[in-house]
Amino acid sequence: MIKIMKYGEVSADEIFARTEPTVNVEEVVADIIYDVRKNGDAALYKYCEKFDNAKLDSLLVTPDEIQEALSIVEDKFLEILKKAAANIRKFHEKQVRNSFIINDEKGIVVGQKVIPVDRAGLYVPGGTAAYPSTVLMDSIPAKIAGCKEVVIVTPPSKDGKINPVILAAAHIAGVDKIFKVGGAQAIAALAYGTETVPKVDKIVGPGNAFVAEAKKQVFGTVSIDMIAGPSEILVVADGLSNPEYVAADLLSQAEHDKMASAVLVTDSFEFAKKVSEELEKQIPLLSRSEIARASIDNNGKIIVADDLYAAIEISNEIAPEHLELCVDNPFDYLDSIRHAGSIFMGRYCPEALGDYFAGPNHTLPTSGTAKFSSPLSVDDFVKKTQYTYYTKEALSRVAEDVGYFAEKEGLTAHAKSATIRTKDINEA
């Protein structure tokens, strides 16, 4: 049963405690990465057979396989995927940054170019569930950014095939290539390249502890989006909220993973009890009830605060991945929220809208990192290059200042590189 605690009556350590994963996978992942770097495709085939029980003839998904998937997936779902893709595209197109140039002083031009990374690699989890939503959320921003090539890695099933809904989503999003490989070995292949899988510049996408550790270990060789932890939801709700709705929203994240975190912060003890009772009614009805049960019992909590502004301050300290603001007039509170991955406003805006359909990205900072990091966006697939142009006359106007600054840092060669170019002007 979920824990109920009154803010101010229990320790801050208990209020803000996080359950951290205890799996130590560093050495296993390091060995896998080394093997893939050394043996390329041979290592990938070996690990597909070992971990996925799939004996493959080819790592690359063929056009025929994509067409087969499109023929299998229901027309209704294909239409929903297209609607979701359109919403995601509309939202992320607003994030596009433009290059700029400043030339308001004679002889001086400075500016910045915004350039997409050449190749982006997207990890799409497999295993207990298929996530076509992740395909759309991760690939559409990369395409909008202008990446020349967007590739997906995802684990195959035992028959050597990829779930048709994954392939359908990839087709709708315009993904260039899809490879049948998952786990740490897939991250290694993207980071270093093999005979079949191309080396990428950026790796994004969620995964299990092995995938997260692999991303951590290859960072620096390639860029990554973030190290994602277990899924989280925090609901701020007043006593007028519907306990059935709030319980359902908490369970929407609890069913992801036994390590997932579901937190309610409310100003009403009576409402807290009603939500606790409703959780007990709803958990047995879920298809993933065992997972949800473990999440709620081990990581779930209800915190009773004095008022909604205190509840929001508690939320800011936790900095949740998903924050639901289940109140009337939610925009009255929006400016008070400083730390959250994605905010869902009002009584009729469940977090599931963001997972699938609304448009804002669902790849979000977890484990309190929303205090300093952001959702996946078009920005993740571009880099900035700046440039400077001075004429001889323009340099002469500032060379002495530059040289003086450099000498204050003890870097006389820096100083000379500026002043030597204007020596003949100064002597004239």
Side-chain angles (χ1 to χ4, degrees), residues 1-7 80 84 87 129 133 230-257 260-316 318 320-334 336-337 340-360 362 364 366 370:
M1 183 172 287
I2 198 166
K3 299 179 284 290
I4 300 177
M5 53 191 75
K6 179 70 170 72
Y7 187 68
I80 291 171
N87 290 340
S133 56
S231 189
E232 306 164 347
I233 187 170
L234 187 148
V235 179
V236 171
D238 60 21
L240 301 177
S241 300
N242 186 318
E244 292 182 51
Y245 296 173
V246 171
D249 293 350
L250 294 172
L251 292 173
S252 73
Q253 294 307 295
E255 73 172 352
H256 266 300
D257 185 335
S261 170
V263 177
L264 165 65
V265 189
T266 180
D267 59 354
S268 167
F269 189 78
E270 287 303 312
F271 181 71
K273 290 193 293 184
K274 289 178 182 177
V275 171
S276 177
E277 292 166 2
E278 189 61 37
L279 286 169
E280 296 307 306
K281 293 178 185 176
Q282 292 188 26
I283 289 173
L285 305 178
L286 300 175
S287 60
R288 295 163 67 89
S289 59
E290 182 184 353
I291 293 171
R293 175 87 273 167
S295 169
I296 291 296
D297 288 352
N298 298 327
N299 307 316
K301 62 183 76 168
I302 300 176
I303 303 165
V304 181
D306 290 337
D307 54 47
L308 288 179
Y309 285 103
I312 288 171
E313 283 308 304
I314 293 168
S315 174
N316 281 330
I318 293 172
E321 177 187 17
H322 307 97
L323 169 60
E324 286 190 6
L325 196 52
C326 293
V327 297
D328 292 328
N329 305 313
F331 287 94
D332 292 349
Y333 301 92
L334 184 57
S336 300
I337 298 168
S342 195
I343 306 169
F344 301 86
M345 310 281 287
R347 303 191 193 279
Y348 296 94
C349 191
E351 181 276 330
L353 272 173
D355 272 349
Y356 303 114
F357 202 77
H362 80 191
L364 304 168
T366 62

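Both backbone and side-chain heavy atoms feed into the values below; hydrogens, waters and symmetry mates do not.
Looking at residues two or more places apart in sequence or on another chain, you find a side chain to side chain contact (heavy atoms under 4.5 Å, CB included) between Ala262 and Ile233, Leu250, Ile296. Every residue two or more places apart in sequence or in another chain was checked for a salt bridge (charged side-chain N to carboxylate O under 4.0 Å, His left out) with Glu244, and none qualifies. Partners of Glu313 according to the salt bridge (charged side-chain N to carboxylate O under 4.0 Å, His left out) rule, which considers only residues two or more places apart in sequence or in another chain, are Arg338.
Here the shortest heavy-atom pairing between Ser295 and Ala260 reads OG-O, 2.8 Å. Between Ala358 and Asn87 the shortest heavy-atom distance is O-CB, 3.6 Å. Considering all non-hydrogen atoms of both residues, Gly354 and His362 come closest at O-CB, 3.6 Å. Across every non-hydrogen atom of Ala305 and Ala311, the tightest pair is CB-N, 3.9 Å. Between Thr266 and Ala237, the closest heavy-atom pair is OG1-O, 2.8 Å. Considering all non-hydrogen atoms of both residues, Ser315 and Val236 come closest at CB-CG2, 4.3 Å.
For the side-chain contact (heavy atoms from CB on, under 4.5 Å) test with Leu251, the passing option among His256, Gln282, Arg293 is Gln282; the others fail.
Residue pairs meeting the salt bridge (charged side-chain N to carboxylate O under 4.0 Å, His left out) criterion with at least one member in residues 344-355, sequence neighbours excluded, are Asp238-Arg347, Asp328-Arg347. Applying the ring pair (Phe, Tyr, Trp, His ring centres under 6.0 Å) definition to pairs two or more places apart or across chains, none involves residues 340-360. Pairs passing the salt bridge (charged side-chain N to carboxylate O under 4.0 Å, His left out) check and including a residue from residues 262-272, sequence neighbours excluded, read Glu270-Lys273.
A donor-acceptor pair is defined here as one N or O able to donate and one able to accept, closer than 3.5 Å; such a pair exists between the side chain of Ser241 and the backbone of Cys326. Not a single donor-acceptor pair under 3.5 Å links the side chain of Glu255 to the backbone N or O of Arg288. Checked by atom type and distance alone, the side chain of Asp249 never pairs as donor or acceptor with a backbone atom of Pro350 at under 3.5 Å. Checking side-chain atoms of Glu232 against main-chain N and O of Pro320 turns up no donor-acceptor pair under 3.5 Å. Formation of a donor-acceptor pair under 3.5 Å by the Asn316 side chain with backbone atoms of Ser336 is found in this model.
Using a 4.0 Å cut-off between a side-chain N of Lys or Arg and a carboxylate O of Asp or Glu, Asp306 and Lys6 qualify as a salt bridge.
Of the inter-residue distances, the one linking His322 atom NE2 with Leu234 atom CG reads 12.0 Å to the nearest 0.5 angstrom. Taking CZ of Phe271 as the reference point, atom CD of Glu278 lies at 10.0 Å (rounded to 0.5 Å). To the nearest 0.5 Å, the span separating CD1 on Ile312 from CG on Asp307 amounts to 9.0 Å. Atoms CG and NZ, on Leu279 and Lys274 in that order, are 14.5 Å from each other to the nearest 0.5 Å. Note: Leu308 CG to Asp332 CG = 11.0 Å, rounded to the nearest 0.5 Å. With rounding to the nearest 0.5 Å, the separation of CD1 in Ile2 from CD in Glu277 is 12.5 Å.
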Exercise for the section: Give the intermediate values and the outcome of side-chain hydrogen bond (donor to acceptor under 3.5 Å, both in side chains) for residues Ser231 and Gln253. Expected result: CA-CA 6 Å; Ser231 189; Gln253 294 307 295; 2.3 Å; yes
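Ser261 places none of its side-chain heavy atoms less than 4.5 Å from the side chain of Pro230. Phe269 has its side chain within reach of Ile4: a pair of non-hydrogen atoms, C-beta onward, lies under 4.5 Å apart.
For Glu290, the CD atom sits in a loose shell: 12 or fewer heavy atoms of surrounding residues, nucleotides or ligands are nearer than 6.0 Å.
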